[in-house]
Number of protein chains: 2
Amino acid sequence: MKRIFDVEHFVEELSKNCAITEIKKFKKDEIITTYLIRRSQMFILLKGEAYLARYDSDGNRRIIYYFKKNDVFGEAFYKIHTNRELFVVAKKDCEVLMLPYDTIESCNKDCIFHITLLKNLPDLILNRVADINYRTELLTNKSIKGKLLSYLNNLSIETNSKKVEIPISLSELADYLVIDRTAMMKQLKKLQDDKIISKNKNKITILKDDILNGV
Amino acid sequence: MKRIFDVEHFVEELSKNCAITEIKKFKKDEIITTYLIRRSQMFILLKGEAYLARYDSDGNRRIIYYFKKNDVFGEAFYKIHTNRELFVVAKKDCEVLMLPYDTIESCNKDCIFHITLLKNLPDLILNRVADINYRTELLTNKSIKGKLLSYLNNLSIETNSKKVEIPISLSELADYLVIDRTAMMKQLKKLQDDKIISKNKNKITILKDDILNGV
DNA sequence: ATGTTTTTGTGGTATTTACAACAGATTTTT
DNA sequence: AAAAATCTGTTGTAAATACCACAAAAACAT
């Protein structure tokens with residue numbers, strides 16, 4: 001497994017050397033940024049959790065992504081061609097590193113902070129891309145059963161174990177897979193009835209060898 | 001709209017100066033690469049069309065992405081944590097630039113080819129990310145109607161016109177939106193009955209002002 | 001030009017899913 | 001420690017969707 005550069009740790013050590021670094025703190029539910037206009041800014045989440053969401057005209061919230069530590073975000077990752085505003089909101093108290101594009105490169109040549117950051121930025125971005133691709137692949141399943149089994153199968157491979165623990169709440173999982181929570185519960189029950197999995201709260205044991213068979 | 005660096009044009013002009021550049025041609029239906037093992041290679045599509053697909057044990061093909069000119073792809077964009085192989089296949093005859101990671105930076109310092117490429121790679125990647133995010137956002141719609149209207153609305157904003165032409169076949173669109181084609185046709189018909197759109201083949205006119213309202 | 005493949009289009013039906021309503025358990029906030 | 005909020009779990013029902021079969025139109029290949 002590829003080791004991920006830990007921005008938080010690195011920032012603590014080196015940010016004092018750099019004059020233009022800006023770290024902002026956000027309380028739960030505060031808006032970190034929006035994607036409506038170009039800001040030529042990138043953000044790296046140092047602490048806490050956040051999500052990217054869209055609010056439709058009925059006030060319904062649709063969550064597009066959950067961001068975790070070391071995740072990179074900002075409007076640079078989006079085409080601005082939509083009339084609905086995207087918000088990044090702090091899910092828990094957050095600490096965010098703000099990176100204006102233009103100054104990323106223009107900082108003092110000897111600034112070890114920016115040199116190191118620049119060197120690691122592509123990896124951070126690629127890591128983020130892998131996350132997005134991973135989710136997209138889950139979403140290319142047409143059925144709830146397919147989404148669930150793909151998700152569980154991936155978890156199982158990642159942890160190299162048939163016993164997996166879903167790291168988010170089942171409510172969030174339903175959001176993440178873009179399915180109705182209660183419909184998901186029914187499928188989870190059916191998977192238990194069919195002896196494909198066993199389950200206790202968010203702890204799930206995969207009982208079959210190739211659960212993706214026939215999905 | 002951001003101008004995209006055209007790799008094909010650039011390659012034609014400069015690749016002769018570089019010894020390690022490799023361009024490969026693929027015939028329709030040939031496999032360009034797989035994502036099962038780490039290859040430390042990145043690919044840029046210069047000509048033609050390709051798609052990323054997964055084949056399940058029943059031999060069913062599930063298309064994850066369609067790649068177009070200037071698109072960057074490779075296993076670097078994926079976590080390798082799945083036991084199902086991903087293939088990139090030429091949809092039409094293709095020309096592909098192959099970039100081994102390690103040599104991207106290690107080529108002769110004066111090689112203008114690699115210097116230019118390196119400078120533009122982040123943009124190419126970000127552009128690809130925007131595409132992926134765009135699709136993910138479409139897929140976060142729970143209903144066929146929502147997916148269709150989001151898609152049409154985006155097309156309309158992009159072209160700044162109420163009359164849009166779907167650039168792919170309706171079959172491919174259904175794949176792209178991960179919905180059954182015939183179910184999609186029914187929704188398209190319903191949208192016409194409800195006077196939200198009018199349609200002739202793949203030419204669609206949006207009749208309402210805010211079609212996303214209530215989606 | 002002719003046969004082949006792909007695409008568009010429609011209708012029927014079984015299945016899946018979303019939605020609503022609710023209650024107890026668990027977690028978080030005050 | 002109490003109150004509030006979130007989460008898990010279940011049920012019933014209406015609505016949406018996938019799947020099947022089929023035919024005409026269009027695009028493509030020989």
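Residue numbers start from 1 in every chain, and the chains themselves are labelled A, B, ... in the order their sequence lines are given, proteins ahead of strands.
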Checklist outcome for this item: Taken to the nearest whole Å, CE/A:Met185 to C1'/D:dT8 is 5 Å

Checklist entry - In Å and rounded to the nearest 0.5 Å, what is the CG to CG distance from B:Leu170 to B:Leu177? => result 10.5 Å

Checklist entry - When we call it a touch if two heavy atoms are under 4.0 Å apart, what does A:Lys189 touch: a base, just sugar-phosphate, or nothing? => result sugar-phosphate

Item to check | Rounded distance in Å - CE (B:Met184) to C1' (C:dG11) | outcome: 17 Å

Next on the checklist: Let me confirm one number: the CG-CG distance from A:Asn133 to A:Leu126, rounded to the nearest 0.5 Å.
Outcome noted: 10.0 Å

Item to check | Whole-Å gap separating C1' (D:dT30) and NZ (B:Lys28) | outcome: 14 Å

Checklist entry - At under 4.0 Å between heavy atoms, what does A:Thr182 touch on the DNA or RNA strands: base, sugar-phosphate, or nothing? => result base

Next on the checklist: Taking any heavy-atom pair under 4.0 Å as a contact, classify A:Lys92: base, sugar-phosphate, or nothing.
Outcome noted: nothing

Next on the checklist: Nearest whole Å is fine: how far is D:dA27 P from B:Ile168 CD1?
Outcome noted: 16 Å

Next on the checklist: Tell me whether the side-chain N or O atoms of A:Lys186 pair up with the base of D:dG12 as donor and acceptor below 3.5 Å, since no angle test is needed here.
Outcome noted: yes

Checklist entry - Side chain of B:Lys201: nearest nucleotide among D:dA26, C:dC19, D:dG9? => result D:dA26

Item to check | Any A:Ser171 side-chain N or O less than 4.0 Å from OP1/OP2 of D:dT8 | outcome: yes

Checklist entry - Below 4.0 angstrom, N of the basic side chain to O of the carboxylate: do B:Arg128 and B:Asp131 qualify? => result yes

Item to check | Salt-bridge criterion met for B:Lys69 and B:Asp6 (N-O under 4.0 Å) | outcome: yes

Checklist entry - A:Ile179 side chain: which of C:dT8, C:dA18, D:dT17 is closest? => result C:dA18

Next on the checklist: Please compare B:Ser143 and A:Gln192 by the position of their nearest nucleotide in DNA chain D and report the one closer to 5'.
Outcome noted: A:Gln192

Checklist entry - How would you label the contact of A:Lys190 with the nucleic acid (heavy atoms, under 4.0 Å): base, sugar-phosphate, or nothing? => result nothing

Checklist entry - Atom CG of B:Asp29 and atom P of D:dC28: how far apart are they, to the nearest Å? => result 15 Å

Next on the checklist: Less than 4.0 angstrom between a side-chain N/O of B:Gln187 and OP1 or OP2 of D:dT17, yes or no?
Outcome noted: yes

Next on the checklist: Output the rounded distance in Å from NZ (A:Lys142) to C1' (C:dT15).
Outcome noted: 15 Å

Checklist entry - A:Asp93 CG to C:dT28 C1': how many Å, rounded? => result 13 Å

Item to check | SB check B:Asp193 B:Lys190 (cutoff 4.0 Å) | outcome: no

Next on the checklist: From CZ of A:Arg181 over to P of C:dT16, roughly how many Å is that when rounded to an integer?
Outcome noted: 20 Å

